[in-house]
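These notes concern the structure reproduced below.
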Amino acid sequence: MEEQDLLKLFREEGNERYAFNLIVDKFSERLYWHIRKLVASHDDANDILQNTLVKAWNALPSFREESRLYTWLYRIATNESLTFLKKARLKSFLSLSDYSRQLENQLEADAYFNGDETQRLFRKAVLRLPDKQRAVFTMRYYDDMKYEEISEILGTSVGALKASYHHAFQKVQQFLKESV
Amino acid sequence: MNSKINIEEPLLKSHLKENCYTLPEGYFGSLKEEISKATTTEKANSKESLWTLLRPQAALVGAFAILFVIAYGVFGLTGSLERGSVDSLTKSNAISLIEEGFIKSSFIDFFESDSAITSSTKISQDELLDYINNNIDLVTLSSLDFGE
């Protein structure tokens, strides 16, 4: 079912929950992988995804369709992930680099990671990036999103995003060169 | 060798982009149920939390309302009595009320007190004649015209 049809169904009285279940079916997997790339651990990704969907359920009646439904959900998921990372860092009284190390350690110990050494190193390099830079890099590199789309999600100008991606790219490349 | 690494190189890129994370079995199947439960609880909690949030304000508004009603009652009641006593008096009513003694004014009091004096000091005719005989001489008496 198309986004428009799902929204139309959601707005019909008595069909809200049914329509929302269809939205969850359609988008939850993509949202999950987006979140998982940002926070690495499955448990954290699960919590963030649930928060994202609960927020979407509460806010969907006032969704004005100024953007695509998927973009809107992606924005909520990204904001939730960034907020989660910020809170987690503040909670553990860790600096950015120390918290990145903690994420790397989580990746090392993650039972739900089955990549090879190059993939592991690459993920580590991405986890070393500052949170927002990691979000930009993930959306551009993994998901091949256009800068205009990323701009809509993060509320940052295209120029700033290009610069951010360039820095992130250089850092990841440098880390791999040093580590391999 | 290290300098040759280029993460934009198509083969390496596709390898790096591979999803190397796994999930607990049946995760997405159970997610829908979890979300359904969470949204139901969220709705109930949001109602409860709204009331929790509004309760102190509601109490404050209630207290003010009670105070207002009491104040309105007190001032309104006394105000209406005063206003009623003035507004309902027409000129004729006022005169009749004054005559019947319900309203006392300083003006009325003045006449009342005067009449009291006159009523209490009534002089008899004999006393008057005695007074004239004792105090007025003959010349003055002859000059008085009694009109026969």
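Protein chains get the first letters and strands the later ones, always in sequence-line order, with residue 1 at the start of each. Computed from a predicted model, the values in this text were never measured in an experiment.
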**Report entry** Atom NZ of B/Lys17: over 12 foreign heavy atoms under 6.0 Å
**Finding:** yes
Report task. Side-chain contact test, heavy atoms from C-beta onward, threshold under 4.5 Å: evaluate it for A/Trp33 versus B/Leu23 and give yes or no. Result -> yes
Requested in this report: Sort and list the pairs that fulfil salt bridge (Lys or Arg N to Asp or Glu O under 4.0 Å) and have at least one residue in residues 27-40 of chain A, not counting sequence neighbours.
Outcome: A/Arg36-A/Asp110, A/Lys37-A/Asp143
Requested in this report: Take atom CD of A/Glu2 as the centre, draw a 6.0 Å sphere, and report whether it contains more than 12 heavy atoms from other residues, nucleotides or ligands.
Outcome: no
**Report entry** Approximate separation, where rounding is to 0.5 Å, of B/Glu18 CD and A/Asp116 CG
**Finding:** 8.0 Å
Query raised in the report: Is there any residue in residues 119-127 of chain A with a non-hydrogen atom under 4.5 Å from a non-hydrogen atom of chain B, and which ones are they?
Result: A/Gln119, A/Phe122, A/Arg123
Requested in this report: Side chain from CB out, backbone as N, CA, C, O: work out which of these in B/Leu31 comes under 4.5 Å of a heavy atom of chain A, or both, or neither.
Outcome: side chain
Query raised in the report: Is there side-chain contact between B/Glu34 and A/Leu53, with heavy atoms separated by less than 4.5 Å?
Result: no
Query - A/Glu65 atom CD: more than 12 heavy-atom contacts under 6.0 Å - result: yes
Report task. Check the angle between the aromatic planes of B/Tyr27 and A/Tyr32 and answer parallel, tilted or perpendicular using the 30° and 60° thresholds. Result -> tilted
**Report entry** Residue A/Asn46 versus chain B: region with a heavy atom under 4.5 Å
**Finding:** both
Query raised in the report: With a cut-off of 6.0 Å (strictly less than), are more than 12 heavy atoms of other residues, nucleotides or ligands near NZ of A/Lys26?
Result: yes
Query raised in the report: What part of B/Tyr21 is in contact with chain A, defined as an atom under 4.5 angstrom from a non-hydrogen atom: side chain, backbone, both or neither?
Result: both
Query - Within one Ile-Leu-Val-Met-Phe-Trp-Tyr cluster: B/Val61 and B/Val69, side-chain cutoff 4.5 Å - result: no
**Report entry** Over all atoms of both residues, closest heavy-atom pair of A/Gly115 and B/Cys20
**Finding:** CA-CB, 3.4 Å
Query raised in the report: Can you tell me how far NZ of B/Lys32 sits from CG of A/Leu22, rounded to the nearest 0.5 angstrom?
Result: 7.5 Å
**Report entry** Crowding at NZ, B/Lys13 (>12 non-hydrogen neighbours, <6.0 Å)
**Finding:** yes
Report task. Would you give the length of the straight line joining atom CG of A/Leu49 to atom CD1 of B/Ile35, rounded to the nearest 0.5 angstrom? Result -> 6.0 Å
Query raised in the report: Do you know the tightest heavy-atom contact between A/Gln173 and B/Asn6?
Result: NE2-CA, 3.6 Å
Report task. Check the surroundings of atom CD in A/Glu12: do more than 12 heavy atoms from other residues, nucleotides or ligands lie under 6.0 Å from it? Result -> yes
**Report entry** Least distance between heavy atoms, A/Tyr165 atom then B/Glu8 atom
**Finding:** OH-OE2, 3.2 Å
Report task. Would you indicate whether B/Phe28, at its atom CZ, is surrounded by more than 12 heavy atoms from other residues, nucleotides or ligands within a distance under 6.0 Å? Result -> yes
Query raised in the report: Looking at B/Thr22 and A/Phe113, what are the two nearest heavy atoms and their distance?
Result: OG1-N, 4.2 Å
